[in-house]
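For the single chain, residues carry numbers from 1 onward in sequence order.
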Amino acid sequence: HVQLVESGGGSVQAGGSLRLSCGASGSIYGDACVGWFRQAPGQEREGVAVLLTTGGNTWYADSVKGRFTASRDNGRNILYLQMNNLQPEDTATYYCAAERVQRVAPSRRFDERDYTSWGQGTQVTVS
């Protein structure tokens, strides 16, 4: 497994922005499928963004499309989730997760069960 550490969460007012970071180490990073997931209290964890570290292709859940942007800095082994125009319904604990790209079928990129490396999560609160 690769070690992942998230940072950048916090409290913002509606309409504000935050940028989450996910530091990665380990050989998986070179060719990985990285997912950003979130879990609000009492709700199931949902995938909001997926990025392939080779090529940089991205996909987004409809709920965040046009507001969230996933990116990576390959030189520093850091992944980012830029979140703009945040709304109260975006309040959740956000996680980054990674898996070897070969082990994640395209139809399952937003399925948390296919990811084996997880960060500890960072809280985002929008009021």
Side-chain angles (χ1 to χ4, degrees):
H1 298 305
V2 63
Q3 288 186 316
L4 303 172
V5 179
E6 301 104 335
S7 61
S11 297
V12 297
Q13 293 187 338
S17 298
L18 285 172
R19 188 177 77 162
L20 305 183
S21 299
C22 176
S25 63
S27 60
I28 192 175
Y29 182 77
D31 190 15
C33 182
V34 176
W36 285 96
F37 294 81
R38 67 185 181 186
Q39 187 169 24
Q43 297 188 19
E44 294 185 353
R45 191 175 300 181
E46 64 169 339
V48 297
V50 174
L51 175 146
L52 300 184
T53 57
T54 300
N57 290 6
T58 54
W59 296 265
Y60 300 95
D62 288 343
S63 57
V64 306
K65 200 171 293 183
R67 301 188 299 122
F68 289 14
T69 302
S71 62
R72 87 278 195 217
D73 182 338
N74 284 350
R76 298 175 61 198
N77 273 9
I78 299 176
L79 303 123
Y80 300 102
L81 184 67
Q82 177 67 42
M83 306 185 296
N84 297 330
N85 191 23
L86 284 161
Q87 299 301 314
E89 53 266 33
D90 296 316
T91 295
T93 301
Y94 283 72
Y95 302 86
C96 62
E99 183 54 78
R100 297 182 187 278
V101 66
Q102 302 92 327
R103 295 180 180 176
V104 183
S107 62
R108 297 178 62 84
R109 286 176 182 143
F110 284 90
D111 192 328
E112 61 170 316
R113 294 170 295 180
D114 281 19
Y115 293 80
T116 57
S117 296
W118 289 83
Q120 82 286 354
T122 186
Q123 178 66 36
V124 171
T125 303
V126 186
S127 60

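Atom CZ in Arg72 sits 7.5 Å away from atom OG1 in Thr54 (nearest 0.5 Å). A distance of 13.5 Å separates OH of Tyr115 from CZ of Arg103, quoted to the nearest 0.5 Å. To the nearest 0.5 Å, the span separating CG on Leu20 from CZ on Phe68 amounts to 8.0 Å. How far OG of Ser7 is from CD1 of Ile78: 8.0 Å, rounded to the nearest 0.5 Å.
The shortest non-hydrogen separation linking Ala49 to Leu81 is CB-CD1, 4.0 Å. Residues Cys33 and Val50 come closest through the heavy atom pair SG-CG1, 3.5 Å. Here the closest heavy-atom approach between residue Ala70 and residue Thr58 is recorded as O-CG2, 3.6 Å. Gly47 approaches Ala61 most closely through the heavy-atom pair O-CB, 3.6 Å. The nearest pair of heavy atoms linking Met83 to Tyr94 is SD-CE2, 3.8 Å. Summarising the geometry of Arg67 relative to Leu86, their closest heavy-atom pair is NH1-CA, 3.9 Å, with the distance given to 0.1 Å.
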Run the numbers on Thr69 and Tyr60 for side chain to side chain contact (heavy atoms under 4.5 Å, CB included), then give the verdict.
CA-CA 8 Å; Thr69 302; Tyr60 300 95; 3.8 Å; yes

Go through it in stages, so that I can follow the logic: the residues are Leu79 and Thr53, the test is side chain to side chain contact (heavy atoms under 4.5 Å, CB included), and I'd like the CA-CA distance, side-chain angles, deciding distance and then a yes or no.
CA-CA 9 Å; Leu79 303 123; Thr53 57; 4.1 Å; yes

Give the intermediate values and the outcome of side chain to side chain contact (heavy atoms under 4.5 Å, CB included) for residues Arg113 and Arg108.
CA-CA 9 Å; Arg113 294 170 295 180; Arg108 297 178 62 84; 4.1 Å; yes

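Taking the side chain as every heavy atom from C-beta outward, Cys22 and Trp36 approach each other to under 4.5 Å. When side chains are defined from C-beta on, Asp31 counts as touching Gln102, because their heavy atoms get closer than 4.5 Å. Taking the side chain as every heavy atom from C-beta outward, Val34 and Leu4 never approach each other to under 4.5 Å. For the pair Lys65/Trp59, no side-chain contact is recorded, criterion being any heavy-atom separation below 4.5 Å from C-beta on.
Of the options Gln120, Gln123, Glu6, Arg38, a side chain to side chain donor-acceptor pair (under 3.5 Å) to Thr93 is made by Gln123 and by none of the others.
Between Tyr95 and Trp118, the angle of the ring planes goes over 60°, which puts this pair in the perpendicular group of the 30/60° scheme.
Arg45 forms no cation-pi arrangement with Phe37, by the criterion of a distance under 6.0 Å to the ring centre and an angle within 45° of the ring axis.
Environment of CD in Glu89: crowded, with over 12 heavy atoms of neighbouring residues, nucleotides or ligands closer than 6.0 Å.
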